[in-house]
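Inspection log for the structure reproduced underneath, given as structure tokens.
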Amino acid sequence: MKYNPLKTDNTLDKFFYAIGWCAVLLALAGTIAWKTGVLKLQFPPCILHAITGYYCPGCGGTRAVIALLHGQVITSLYYHPIVVYTVAVGGWFMLTQTLSRLSHGKCRPMHYRDLYMWIALAIVVINCLVKNLVLAITGTALLS
């Protein structure tokens, strides 16, 4: 059987929908705690970056989330584009799945496909390569 990255599966849709609601509720609780001052955001520096001077595939992700929470979409894309991609694709998935469930199937939902994960992987790899190549070639740290 040939692999098809566009194949969909209702079981995976249900799984990701449940995980999506958990993520939404957790993000909402975290945002409220952060905005009210209950949660102070202090993260340790990246160990790989501290040791080697180069960026790991996740470097910039925390800054991208904070920028997005402040409504700074372009800044978030600069720090790490996977954050905006995840919010956009995940948000559309959750919205269309919810509308489909509420309308009893009258609204056509977005379905999970492996292709979305392959795109996410490509974004992470390209982001890491570009930032590290700029650092290695020009000596310019894009995340300082």
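- Looking only at atom types and distance, the side chain of Thr98 has a donor-acceptor partner in the side chain of Tyr17 under 3.5 Å away.
- Counting all heavy atoms, side chain and backbone alike, Tyr79 lies closest to Ala67 at CD1-CB, 4.4 Å.
- Taking CD1 from Ile32 and CG from Leu39, the interatomic distance works out to 12.0 Å, rounded to the nearest 0.5 Å.
- No chain of hydrophobic side-chain contacts below 4.5 Å, direct or via other Ile, Leu, Val, Met, Phe, Trp or Tyr residues, connects Leu129 to Tyr55.
- Note: Asp13 CG to Arg113 CZ = 8.5 Å, rounded to the nearest 0.5 Å.
- His70 has its ring centre less than 6.0 Å from the ring centre of Trp34.
- Taken from CD1 in Ile123 to CG in Leu77, the straight-line distance is 9.5 Å, to the nearest 0.5 Å.
- Checked by atom type and distance alone, the side chain of Asn127 never pairs as donor or acceptor with a backbone atom of His80 at under 3.5 Å.
- Not one N or O on the side chain of Asn132 forms a donor-acceptor pair closer than 3.5 Å with the backbone of Tyr54.
- A donor-acceptor contact closer than 3.5 angstrom is absent between the side chains of Asn10 and Lys14.
- Trp92 and Val89 end up in the same hydrophobic cluster when Ile, Leu, Val, Met, Phe, Trp and Tyr side chains are linked at under 4.5 Å.
- Within the 3.5 Å criterion, the main-chain N or O of Met110 finds a donor-acceptor partner in the side chain of Thr96.
- Note: Phe16 and Phe93 have perpendicular aromatic rings, judged against thresholds of 30 and 60 degrees for the angle between ring planes.
- Atom CG of residue Leu25 and atom CH2 of residue Trp21 lie 7.0 Å apart, to the nearest 0.5 angstrom.
- Here the straight-line distance linking atom CG of Leu102 with atom SG of Cys107 works out to 9.5 Å at 0.5 Å rounding.
- Taken together through direct or relayed side-chain contacts under 4.5 Å among Ile, Leu, Val, Met, Phe, Trp and Tyr, Val65 and Leu143 form parts of separate hydrophobic clusters.
- Hydrophobic cluster membership is shared by Tyr112 and Val87, with clusters built from Ile, Leu, Val, Met, Phe, Trp and Tyr side chains linked at under 4.5 angstrom.
- Between the side chain of Ser100 and the backbone N or O of Arg108 there is no donor-acceptor pair closer than 3.5 Å.
- Taking a 6.0 Å sphere around CD1 of Ile47, one finds it holds 12 or fewer heavy atoms contributed by other residues, nucleotides or ligands.
- Residues Leu135 and Gly53 approach most closely at CD2-O, 3.0 Å, considering heavy atoms.
- Pairing each heavy atom of His49 with each of Cys59, the nearest pair is CB-SG, 4.4 Å.
- Around the NZ atom of Lys35, the shell of radius 6.0 Å holds more than 12 heavy atoms that belong to other residues, nucleotides or ligands.
- Here the CG atom belonging to Leu12 is positioned 11.5 Å from the CD1 atom belonging to Ile19, to the nearest 0.5 angstrom.
- A donor-acceptor contact shorter than 3.5 Å links the side chain of Thr138 to the backbone of Val134.
- No chain of hydrophobic side-chain contacts below 4.5 Å, direct or via other Ile, Leu, Val, Met, Phe, Trp or Tyr residues, connects Val130 to Val83.
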> Is there a side-chain contact (heavy atoms from CB on, under 4.5 Å) between Tyr85 and Tyr116 once you walk through the steps?
Replying inline: CA-CA 10 Å; Tyr85 172 81; Tyr116 303 132; 3.7 Å; yes

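- Side-chain N or O atoms of Tyr78 include none that pairs as donor or acceptor with a backbone N or O of Val73 at under 3.5 Å.
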